[in-house]
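A short worksheet on the structure shown next.
Sequential numbering from 1 along the given sequence is applied to the chain's residues.
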Amino acid sequence: MLYFVKDNVIHRFPVSKRCDARRDKEPLKDTIPHNVEECPWCMRYWPDEQ
């Protein structure tokens with residue numbers, strides 16, 4: 001799974017349908033860095049998104 005950090009918040013790539021963040025030119029990462037907040041829409045499990 002790939003991630004990107006925007007405004008010190010980590011998001012999953014591709015972004016969840018519920019999240020309004022869009023990746024511009026942020027680098028994609030395959031690990032979660034320390035000292036960033038997790039996006040509640042991207043980083044949590046939602047039953048209807050499998």
Side-chain angles (χ1 to χ4, degrees):
M1 188 172 298
L2 295 174
Y3 307 97
F4 68 95
V5 177
K6 185 167 193 164
D7 300 327
N8 203 34
V9 178
I10 192 160
H11 301 274
R12 184 175 54 195
F13 184 79
V15 179
S16 169
K17 292 182 271 184
R18 290 182 165 87
C19 182
D20 60 353
R22 297 292 166 247
R23 179 180 170 260
D24 295 321
K25 295 183 181 178
E26 293 83 11
L28 292 175
K29 303 173 183 282
D30 61 351
T31 58
I32 298 175
H34 296 303
N35 300 325
V36 294
E37 295 180 39
E38 290 185 350
C39 173
W41 305 113
C42 289
M43 302 301 286
R44 300 289 183 242
Y45 173 74
W46 296 93
D48 63 338
E49 291 181 16
Q50 292 186 10

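Note on V15: it clusters hydrophobically with L2, by side-chain heavy-atom contacts below 4.5 Å among ILVMFWY residues.
For the pair W41/D20, no side-chain contact is recorded, criterion being any heavy-atom separation below 4.5 Å from C-beta on.
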Can you give each donor-acceptor pair under 3.5 Å made by side-chain atoms of residues 23-39, sequence neighbours left out, with the distance rounded to 0.1 Å?
from : atom 1 : to  : atom 2 : distance (Å)
R23  : NE     : E26 : O      : 2.8
R23  : NH2    : E26 : O      : 3.1
D24  : OD2    : K6  : NZ     : 2.9
E26  : OE1    : D24 : N      : 2.7
E38  : OE1    : R44 : NH1    : 2.8

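In terms of the ring pair (Phe, Tyr, Trp, His ring centres under 6.0 Å) criterion, Y3 has no residue partners (sequence neighbours excluded).
Scanning all heavy atoms of the two residues, the minimum distance from R12 to C42 falls at CZ-O, 3.3 Å.
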